[in-house]
Amino acid sequence: AVSAGGKEQAASIISSKMTEIFNLLPFMKEEFDLERGSGSKDAADKVVYMGMAGSIYDNLPITETSRGQRRTSITAEEVIGVDQDKFLEIIIPTTNVNRMLGDGTTDGEEPINHSQRFITTAGYQNTYAYDKFLEILFGMLIEPDKNFCFGCGVDVAIMEDAIDEDLVNNNRVAMKKDAFDREYNSIWCAKNDNAFFNIEAFNKNRTIKKPEYTYDRNNVEAYYIMGMDVGRHKCNSEIMIIKVKPQKVGEAIKELVYNEALGDMDYPSQAVIIKRLFFQYNVRKICLDARTIGLPLIDELAINTHYDLETNKTYPRFNVYGSTGDDSYVKEMAKYDKSDTVHCIFAMKASAAINTEAYTYLSGQLNNGKLKFLIDETEARTTLMQTRKGKNMTTPEIEEYLKPYVQTSILRDQLNNLENQGQDMNVNLMIRQLTSNIPKDKVSALIYGLYLVKEEEKNGQHKTNKLSSLLMFG
């Protein structure tokens, strides 16, 4: 059986690999009964191949429904996304019973009994996947007849014309170095043992299959908050769209359904994107960085209307309704108000105390499983390439499709680069970057958005905005 982080992921991996095997070795089809009614099936979440000799090859989800089942051998795909506890408690015990031989007996020495295979992209050190890699690697020295470990970087695939070298070079430029090393060079990156945020919890919370590109019309209780960090020199401005799903009992579920990095872009261009996304998601409020560098952007949003060439719409002025500290800034900005002004901006002037509150809240949401993220880009690519749409996409189209997933992985790397160096004299957390080469702009945008989410929950405001009450000009 094959297991992975999600049952759909395992099913798509089996389906794609068996299709590839049958194309390369057509005679292998004769080893399986693929006729209707045989028990073989190929569905999105369940794949079964029935062998002519009675064997079964299927995907086994890492969920309670698999507890107590029996398998002879297990293959774990993309181990970096596997929940260690569930895998060890549910999947591994399914191989406890030896395989029954043709004469009804068992042979405890048969190699296939209890056998395990682990296949993965490189990830972080000090994780289950890395520990298993070392266990098998060193096992080759101690018991070479029972352990085998191998891996390689992208150079071998390029040499064998299995992957496009231009695509690799393009990604080398576009991706962060450590992300490229993990994905293409099979290099395990050092994990920050002093990281303030629980990266294992982040990985477990990567459960959202697809990003959202508009507000959810089917969930009238859900609402959206935008968080934005305005970039300094050589840093991107970052936008985070958080979907808040109030629950009947307990805290709301928050989902980071979209995030975008704005590159070398002037304030009017950034203002157009902010306003476009505001109406696109029916955003309730925007938390915008109001430090020195962010003030000109707020002025741009408040003073001018903006025409969007992409949507052929003119957006109204946006102004502040609130700010950290006193209300002097709100009063100052009121001079720009016009009849069409939408008061939707909360001006965030972060302080050590506010950052402590925001970082602590984010950490708690991660650990409690209340904050969800998009799945890993490797899983997203695998799922995409099983669809007709994915198979017909060009390389640039695939890269564009995967951008939100890749951006989520970059957010994870930024979180992993933040460590707590203690508390200052006012008992505020001193969160610092371990490596200055890894920015924290995505993290800032996220905590700004979550700051407003926390305020909304505190005030018990669960009514959605009405688009009709917000003015746009066609």
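Keep in mind that this is a model prediction, so the values were computed, not measured. Numbers here simply count residues along the sequence, with the first being 1.
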Quiz item: Is any side-chain N of the basic residue among Lys254 and Glu457 closer than 4.0 Å to the acidic one's carboxylate O?
Solution: yes
Quiz item: Do Arg67 and Pro93 come within less than 4.5 Å of each other through their side chains, counting heavy atoms only?
Solution: no
Quiz item: Atom CG in Asn170, atom CD in Glu399: separation rounded to 0.5 Å?
Solution: 6.0 Å
Quiz prompt | All side-chain contact (heavy atoms from CB on, under 4.5 Å) counterparts of Met50, not counting sequence neighbours | solution = Ser40, Val48, Ile56
Practice problem: With rounding to the nearest 0.5 Å, note down the distance linking CG in Asn96 to OG1 in Thr72. | Solution: 11.5 Å
Exercise. Could you tell me whether a side-chain N or O of Ser186 sits under 3.5 Å from a main-chain N or O of Cys152, the two making a donor and an acceptor?
Key: yes
Quiz item: Which heavy atom of Val82 sits nearest a heavy atom of Gly5, and at what distance?
Solution: CG2-N, 4.1 Å
Exercise. Name the orientation class of the two ring planes belonging to Phe133 and Tyr130 (parallel below 30°, tilted from 30 to 60°, perpendicular beyond 60°).
Key: tilted
Practice problem: Drop me the distance from Met28's CE to Ile21's CD1, to the nearest 0.5 angstrom. | Solution: 6.5 Å
Quiz prompt | Short N-O contact, Glu357 and Lys454, less than 4.0 angstrom | solution = yes
Quiz item: Between Thr324 (side chain) and Lys349 (backbone), is there a donor-acceptor pair under 3.5 Å?
Solution: yes
Exercise. Return yes if some donor-acceptor pair links the side-chain N/O of Gln414 with the main-chain N/O of Lys442 below 3.5 Å, else return no.
Key: yes
Quiz item: Do NZ/NE/NH1/NH2 and the carboxylate oxygens of Glu255 and Lys372 come within less than 4.0 Å?
Solution: no
Exercise. May I ask you to test the Asn185-Val154 pair for a side-chain heavy-atom distance under 4.5 Å?
Key: yes
Exercise. Begin with the C-alpha distance, continue with both residues' side-chain angles, and end with the deciding distance and a verdict on ring-ring contact (aromatic ring centres under 6.0 Å, His included) for Phe202 and Phe197.
Key: CA-CA 8 Å; Phe202 183 98; Phe197 296 104; 9.5 Å; no
Quiz prompt | Glu251 versus Gln365, side-chain donor and acceptor atoms under 3.5 Å | solution = yes
Exercise. For residues Val47 and Asp58, determine if any side-chain heavy atom of one lies less than 4.5 Å from a side-chain heavy atom of the other.
Key: no
Quiz item: Counting heavy atoms not belonging to Lys209, are there more than 12 under 6.0 Å from its NZ?
Solution: yes
Exercise. Evaluate the side-chain proximity of Arg182 to Asp413: yes if any heavy-atom separation is below 4.5 Å, no if none is.
Key: yes
Quiz item: Considering the options Val443, Asn417, Ile438, which one meets the side chain to side chain contact (heavy atoms under 4.5 Å, CB included) requirement together with Gln433?
Solution: Asn417
Quiz item: Would you find more than 12 non-hydrogen atoms of other residues, nucleotides or ligands less than 6.0 Å from Lys132 atom NZ?
Solution: yes
Quiz item: Roughly how far, to the nearest 0.5 Å, is CD1 of Ile239 from CG of Leu446?
Solution: 13.5 Å
Quiz item: Backbone N or O of Ile80 within a donor-acceptor pair of the Thr120 side chain at under 3.5 Å?
Solution: yes
Exercise. Could you walk me through whether Gln9 and Thr383 pass side chain to side chain donor-acceptor pair (under 3.5 Å), step by step?
Key: CA-CA 7 Å; Gln9 182 183 15; Thr383 302; over 6 Å; no
Exercise. Heavy atoms only: give me the nearest Ile91-Ser66 pair and the separation to one decimal.
Key: CD1-CB, 4.3 Å
Quiz item: Is there a side-chain contact between Phe196 and Glu419, using heavy atoms and a 4.5 Å cut-off?
Solution: no
Practice problem: Give the minimum heavy-atom separation between Ala380 and Leu402, together with the two atoms involved. | Solution: CB-CD2, 3.9 Å
Exercise. Please name the pair of heavy atoms, one in Leu277 and one in Val283, separated by the smallest distance, quoted to 0.1 Å.
Key: O-CG2, 3.9 Å
Quiz prompt | N/O donor-acceptor pair under 3.5 Å between Thr408 side chain and Pro404 backbone | solution = yes
Self-check item: Worked check of salt bridge (Lys or Arg N to Asp or Glu O under 4.0 Å) between Glu456 and Lys285
Solution: CA-CA 10 Å; Glu456 292 290 289; Lys285 294 176 180 177; 2.7 Å; yes
Quiz item: Step by step, would you call Asn355 with Asn428 a side chain to side chain contact (heavy atoms under 4.5 Å, CB included)?
Solution: CA-CA 8 Å; Asn355 281 335; Asn428 293 313; over 6 Å; no
Quiz item: Can you tell me if Gln247 uses its side chain to pair, donor with acceptor, with the backbone of Lys245 under 3.5 Å?
Solution: yes
Quiz item: Tell me, do Phe278 and Tyr315 make a side-chain contact under 4.5 Å, heavy atoms counted?
Solution: no
Quiz prompt | Thr360 side, atom OG1; Ile431 side, atom CD1 - distance, nearest 0.5 Å | solution = 7.5 Å
Quiz item: Between Asp229 and Arg291, is a salt bridge (Lys or Arg N to Asp or Glu O under 4.0 Å) present by the stated rule, with each step listed?
Solution: CA-CA 10 Å; Asp229 178 67; Arg291 296 169 297 169; 3.2 Å; yes
Quiz item: With no hydrogens and no angle check, is any side-chain donor or acceptor of Ser15 less than 3.5 Å from a backbone partner on Ser12?
Solution: no
Quiz item: Between Tyr49 and Tyr57, what is the ring plane arrangement, given parallel below 30°, perpendicular above 60°, and tilted in between?
Solution: tilted
Quiz item: Under a 4.5 Å cut-off applied to non-hydrogen side-chain atoms, are Asp216 and Tyr224 in contact?
Solution: yes
Quiz item: Taking NZ, NE, NH1 and NH2 as the nitrogens, is one of them in Arg206 or Glu379 under 4.0 Å from a carboxylate oxygen of the other?
Solution: no
Practice problem: Please say which of Leu450, Ile208, Ile242, Ile241 ends up in a side chain to side chain contact (heavy atoms under 4.5 Å, CB included) with Leu256. | Solution: Ile242
Self-check item: Geometric class of the Phe318/Phe279 ring pair [parallel <30°, tilted 30-60°, perpendicular >60°]
Solution: tilted
Exercise. Check whether any side-chain N or O of Asn23 sits under 3.5 Å from a backbone N or O of Thr19 as a donor-acceptor pair, and report yes or no.
Key: yes
Self-check item: Ile298 versus Asp289, closest heavy-atom pair with distance
Solution: CD1-O, 4.4 Å
Quiz item: Is the side chain of Thr382 donor-acceptor paired with the backbone N or O of Thr378 at a distance under 3.5 Å, no angle test?
Solution: yes
Quiz prompt | Ser409 versus Asp376, closest heavy-atom pair with distance | solution = OG-OD1, 3.9 Å
Practice problem: Report, as yes or no, whether the 6.0 Å neighbourhood of atom NZ on Lys370 holds more than 12 heavy atoms from other residues, nucleotides or ligands. | Solution: yes
Quiz item: With sequence neighbours left out, what residues match Met265 under side-chain contact (heavy atoms from CB on, under 4.5 Å)?
Solution: Leu262, Ser269, Gln270, Ile273
Quiz item: Rounded to the nearest 0.5 Å, how far does CD1 of Ile92 lie from CZ of Arg71?
Solution: 13.0 Å
Self-check item: Qualifying residue, where the test is ring pair (Phe, Tyr, Trp, His ring centres under 6.0 Å) with Tyr213 and the options are Tyr401, Tyr258, Tyr281
Solution: Tyr258
Quiz item: Hey, are the side chains of Ile274 and Leu297 touching, using non-hydrogen atoms and a 4.5 Å cut-off?
Solution: yes
Quiz item: If you count the non-hydrogen atoms of other residues, nucleotides and ligands that lie under 6.0 Å from NZ in Lys86, is the total more than 12?
Solution: no
Practice problem: If a pair satisfies salt bridge (Lys or Arg N to Asp or Glu O under 4.0 Å) and one of its residues is in residues 266-281, list it, with sequence neighbours excluded. | Solution: Arg276-Asp308, Arg276-Glu310
Quiz item: Are the side chain of Asp181 and the backbone N or O of Cys189 linked by a donor-acceptor pair below 3.5 Å?
Solution: no
